[in-house]
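A short worksheet on the structure shown next.
Because only heavy atoms are used, hydrogens play no part in the values below, and waters and symmetry mates are left out as well, while side chains stay in. Order of the sequence lines sets the chain letters (A, B, ...), proteins ahead of strands, with each chain counted from 1.
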There are 2 protein chains.
Amino acid sequence: MKNPQATLNHIETRSLRERVLDVLRDAIISGDFKPGQMLVETELANMLGVSRAPLREALQILSTEGLVEIVPYHGTTVRRLTKADIEELYSLRSVLETFAVRRVLEQGIAQHVAELRRCYEEMLAAAEAGDLKQVNHLDRDFHDTLIELSGHSLLLTSWNVVSMRVRQVMALLNRRNSNLKQIAYNHLPIIEAMEASDVETAVLLIQKHVAASGELIAEGWEDNQGQSDT
Amino acid sequence: MKNPQATLNHIETRSLRERVLDVLRDAIISGDFKPGQMLVETELANMLGVSRAPLREALQILSTEGLVEIVPYHGTTVRRLTKADIEELYSLRSVLETFAVRRVLEQGIAQHVAELRRCYEEMLAAAEAGDLKQVNHLDRDFHDTLIELSGHSLLLTSWNVVSMRVRQVMALLNRRNSNLKQIAYNHLPIIEAMEASDVETAVLLIQKHVAASGELIAEGWEDNQGQSDT
DNA sequence: ATCCGTGCAACTGTCGACAATCGACAGACG
DNA sequence: CGTCTGTCGATTGTCGACAGTTGCACGGAT
């Protein structure tokens with residue numbers, strides 16, 4: 001291809017199933033679909049302008065990802081999030097991230113940690129600009145990057161499931177924009193420990209980091225938080 | 001209901017999708033479907049006597065479970081298992097089981113560990129009877145029980161994905177029936193450490209246990225092991 | 001002989017229609 | 001009045017048919 005025109009973006013060639021999947025997942029993760037909400041197939045299909053076949057395939061996938069609950073002949077609902085779920089979510093998250101830290105440091109490629117620092121710098125900048133949304137995004141990015149750097153594809157897929165639901169929790173909570181800079185600062189010690197290849201300190205710090213936000217959220221969680229009334 | 005008759009067991013009411021899913025999953029896990037093998041929808045549908053709709057839904061699920069690979073317009077194949085996959089599988093498995101051990105011991109309910117010992121006793125009995133299949137089954141049972149005892153449902157679902165693929169690896173390898181009793185004995189120290197509530201020893205032992213079998217398998221693994229030639 | 005289009009066959013992707021299932025409600029019966 | 005039973009509406013489960021895409025074999029031009 002000889003650059004026939006500046007750039008013309010790819011036309012959507014992904015299957016309907018995948019596009020439907022993305023739309024629904026986003027709606028759940030972003031909190032547009034509330035926990036407990038009924039997802040009626042014919043309704044959704046009409047809304048999205050597709051037939052029920054690809055829609056159902058997408059729902060099956062969401063089910064295995066734990067985002068929706070399918071009860072045979074009774075319909076699909078957005079999965080409810082109990083306090084116990086939150087506890088499980090953050091405890092497993094801690095385990096996975098700990099594993100990732102160890103793995104990244106075992107490889108000992110300094111360039112990797114540099115990428116984390118770049119995340120941090122951007123997060124700090126966004127925090128100073130008071131951009132809550134961007135801070136949240138970069139926060140996610142930081143943790144996603146950490147997992148990716150481990151170069152462990154199976155870990156990554158497990159992580160994705162956990163990560164999505166964490167995002168859902170955050171969205172339902174609309175994190176009161178507490179001290180943004182503090183959020184950014186919290187990541188610094190972790191990076192520094194990793195730069196120093198101090199595995200045990202890094203592990204301890206990330207566990208504390210995850211546990212702290214987990215407890216903070218679980219503390220004020222009502223089991224019917226952000227729940228649909230229908 | 002006044003016990004009209006002793007008991008009559010429920011008739012199969014599960015959806016076709018679920019039943020198809022189980023059949024396909026078993027075929028893959030047991031090695032009947034070889035890695036790389038093409039899974040043609042129309043063929044499978046005819047074999048199973050169902051239409052393609054529920055079949056496809058089952059395939060989508062298998063895809064998210066990592067057992068098959070769906071390439072748009074090109075078909076579905078049983079996922080290949082490379083040496084790197086095995087390494088990832090066993091390393092994550094180690095992490096998950098370690099987490100489970102900690103969690104079980106934190107709860108400190110002695111009755112739980114007793115259940116593990118029961119598994120062990122049965123395994124030993126089967127080993128002495130020279131029943132390879134039963135030993136393998138109880139080996140699985142031991143590790144599944146460990147996870148279940150943690151009472152962590154999210155961990156359990158993550159585990160299931162890992163566990164299934166471990167079973168697939170074992171099936172493709174048709175474990176040479178080495179010293180069966182040795183397999184059973186290997187579990188004893190873990191149980192004893194747990195009974196003594198010696199968390200760190202138990203963790204160390206289970207990590208060694210998993211790492212040992214992982215290395216043993218990865219060592220002799222050809223990347224095209226048990227692969228379909230089609 | 002090689003290269004390039006063209007049609008074909010084998011799939012997968014999508015759709016609309018029909019069947020099966022369940023909960024709720026109303027009505028019959030004791 | 002309570003219990004059981006039949007019916008109904010809504011929703012999911014399943015199917016067969018059709019549309020779209022891909023790779024490949026075939027044939028013609030160079």
Mind listing the N/O atom pairs, protein and nucleotides 23-25 of chain D, below 3.5 Å?
{"from": "D:dG23", "atom 1": "OP1", "to": "B:H74", "atom 2": "NE2", "distance (Å)": "2.9"}

Please list, pair by pair, any protein nitrogen or oxygen found under 3.5 Å from a nitrogen or oxygen in nucleotides 14-16 of chain C.
{"from": "C:dT14", "atom 1": "OP1", "to": "A:L16", "atom 2": "N", "distance (Å)": "2.5"}
{"from": "C:dC15", "atom 1": "OP2", "to": "A:S51", "atom 2": "N", "distance (Å)": "2.8"}
{"from": "C:dC15", "atom 1": "OP2", "to": "A:S51", "atom 2": "OG", "distance (Å)": "3.1"}

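Residue A:L39 is classed as a sugar-phosphate contact, given heavy-atom separations below 4.0 Å to backbone atoms only. Contact annotation for B:T42: base contact, defined as any heavy-atom pair under 4.0 Å involving a base atom.
Between the side chains of B:H143 and B:D139, at least one donor N or O lies within less than 3.5 Å of an accepting N or O. Under 3.5 Å, the side chains of B:Q37 and B:T77 contain no donor-acceptor pair of N or O atoms. For the 3.5 Å distance criterion, the side chains of A:T64 and B:T64 qualify, holding a donor opposite an acceptor. A donor atom on one side chain and an acceptor atom on the other are not found under 3.5 Å apart for A:T76 and A:E69.
We find that CD of B:E43 is positioned 12 Å from P of C:dA10, with the value rounded to whole Å. Between the CE atom of A:M38 and the P atom of D:dT11 there is a distance of 8 Å, given to the nearest Å. The distance between atom CD of A:E41 and atom C1' of D:dA10, rounded to the nearest whole Å, is 12 Å. Atom CG in B:L21 sits roughly 15 Å away from atom C1' in D:dG13 (whole-Å rounding).
Between B:D22 and B:R14, at least one side-chain nitrogen of the basic residue sits less than 4.0 Å from a carboxylate oxygen of the acidic one, meeting the salt-bridge criterion.
Remark: side-chain polar atoms of A:D85 are paired, donor with acceptor, to backbone N or O of A:T82 under 3.5 angstrom.
Each of B:M164, B:H152, B:R93 was scored for a side-chain contact (heavy atoms from CB on, under 4.5 Å) with B:W159, with one residue passing: B:R93.
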Point to revise | Audit row: B:E87, A:R103, salt bridge (charged side-chain N to carboxylate O under 4.0 Å, His left out) steps and yes/no | key: CA-CA 13 Å; B:E87 196 275 329; A:R103 206 129 162 140; 3.0 Å; yes

